[in-house]
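Every number for a ligand or one of its atoms is a count from 1 in the order of the listing.
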Amino acid sequence: MSDAYRSMWAEMGLNLEAHDVLLGVLGNSYKEIYLAQKERPEGMGYFDFVMSEVHGLRIKELLDEKAAGRKIVGAYCVFVPEEIALAANATLVGLCSGADFAVEEVEKLLPRNTCALIKSAFGFKLGKVCPYLESADMIVGENTCDGKKKAYETLGHLVKNLYVMDLPQVKSENGRAVLQAEYFRFKAAVEALTGVTITAESLKTAIQTVNAKRKAIHRLLALRKADPAPISGLDALLANQVFFYDNPARFTASVNKICDELEKRIAEKKGAFPAKTPRILISGCPQAVPNWKLPFIVESSGAVIVGEESCVGERGTRNLTSESGQTVEEMMAAIVERYFQVDCAIFTPNAERLAHIEEMAADYKADGVIHYGLQFCQPYLMESIPVEKALEEKNIPCLRIETDYSMEDAGQLKTRIEAFVEQIKG
Ligand code: SF4
Ligand code: SF4
């Protein structure tokens with residue numbers, strides 16, 4: 001990394017030594033997991049570049065935007081509407097962290113039995129290694145699971161400008177009213193931050209920008225239905241992860257370019273894996289950068305991942321916001337409508353998620369489903385049992401995995417996944 005980046009990180013208050021360690025680990029695992037793959041689409045070169053510059057060029061772009069008067073909003077959850085941030089002249093970046101860091105320090109503030117995702121968010125702050133977190137003018141937390149809800153009380157002492165969104169837990173009319181009120185409160189908070197009042201015109205443009213990004217991802221996901229699968233699950237997951245970081249217009253153009261290439265591959269019957277490779281749907285907790293552990297194990301065990309029922313995947317991107325509204329109120333209602341369909345496991349009851357998993361398994365012609373639950377994540381681990389039961393009733397094999405970010409159980413997971421792949425083949 002250039003000296004200019006090092007001074008940029010130092011000025012942001014990063015711990016350069018710790019940050020070097022993080023970049024070293026990230027670079028090595030990217031090389032071993034991503035660059036070692038065979039038959040990758042050429043268009044993935046763009047994502048390789050994005051990842052090589054994830055703490056470099058992209059951060060410089062964000063700092064340049066700040067210098068030009070834009071504000072940066074960091075978010076931990078897909079319930080934070082990017083449309084509202086964009087319409088008020090702010091850029092939204094995902095903060096959900098996918099690696100353990102500063103674990104000892106974290107466990108002074110959080111119980112050991114907290115999910116890896118929450119611990120990671122704290123570790124990145126305490127270790128001073130996340131330039132996204134440090135560049136954010138507003139950090140949005142949300143009352144979703146109990147772990148996050150209580151953790152934000154502590155995080156509020158560590159970060160500046162923490163804003164907590166109160167999300168409903170039930171898909172009722174009351175729940176919808178709560179979401180609507182919270183989105184209007186968020187709109188007012190972002191407007192106060194940027195000094196820009198959202199207009200019908202700016203909100204319409206923002207809705208179109210985010211929809212374009214989603215449509216590009218929908219196109220990519222649809223192409224994964226082909227056999228042979230034209231792209232690996234690892235590469236598709238990376239596109240879903242970069243969705244949260246990149247400039248929206250550039251991301252949309254790059255994903256569409258990859259889709260053009262994948263269409264040609266499908267026509268030529270060329271795949272990332274041979275035809276008839278067992279096809280897996282992953283369902284469960286979000287897999288944030290650089291959490292590539294499970295897909296790496298699955299795809300080096302003789303199977304290909306063809307879909308992710310996850311917030312870093314189809315749960316997060318599946319629905320568009322209606323573009324038909326003319327007034328700010330109509331468009332805000334459309335935003336509420338779109339996000340109210342997200343079937344996170346924090347909702348009760350949550351039959352929609354079960355139906356969506358079954359629908360995805362059929363659409364993507366999955367031979368089996370791996371339910372991915374992070375250790376200590378009550379909502380998803382609780383739901384994994386009815387999910388397994390429902391899938392088995394439909395004769396769809398299901399494997400429930402409970403893990404964290406460490407590699408300690410990698411050997412054991414590989415043995416279980418290989419046995420599952422053999423069972424599917426049989
Ligand atoms: S799993 Fe639930 S809490 Fe987590 S990012 Fe998704 S919607 Fe938000
Ligand atoms: S993975 Fe589970 S426990 Fe962790 S933040 Fe998400 S919903 Fe909460």
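Checked against the 6.0 Å centroid criterion, the rings of Y245 and F251 do not qualify as a close aromatic pair. Aromatic pair W9/H55: centroids not less than 6.0 angstrom apart.
Atoms of ligand 1 lying under 4.0 Å from any heavy atom of T144, numbered from 1 in the order shown and given with element: 3 (S). Residue F79 has at least one heavy-atom neighbour below 4.0 Å for each of these atoms of ligand 1: 7 (S).
Ranking protein heavy atoms by distance to atom 8 (Fe) of ligand 1, first place goes to C77 SG, 2.3 Å. Among protein heavy atoms, the minimum distance from atom 6 (Fe) of ligand 1 is reached at C311 SG, 2.2 Å.
Atom-to-atom distance recorded for Q375:CD and I401:CD1 is 12.0 Å, nearest 0.5 angstrom. In this structure, CG on N89 lies 10.0 Å from NZ on K71, to the nearest 0.5 angstrom. In this structure, OG1 in T403 is found 6.5 Å from OH in Y372, a value given to the nearest 0.5 Å.
The cationic atom of K148 (NZ for Lys, CZ for Arg) does not lie both less than 6.0 Å from the six-membered ring centre of Y76 and within 45° of the ring axis.
Excluding waters, the protein N/O/S atoms found under 2.8 Å from atom 4 (Fe) of ligand 2 are C115 SG.
Of all heavy-atom pairs between A36 and E32, the closest is CB-O, 3.3 Å. Taking every heavy atom of both residues into account, V178 and D166 meet most closely at CG1-O, 3.7 Å.
Using a 4.0 Å threshold on non-hydrogen atoms, atom 2 (Fe) of ligand 2 counts as touching the protein.
Classification of the F79-Y339 ring pair by plane angle, with boundaries at 30° and 60°, yields tilted.
Under the 4.0 angstrom criterion for non-hydrogen atoms, V78 is in contact with ligand 1.
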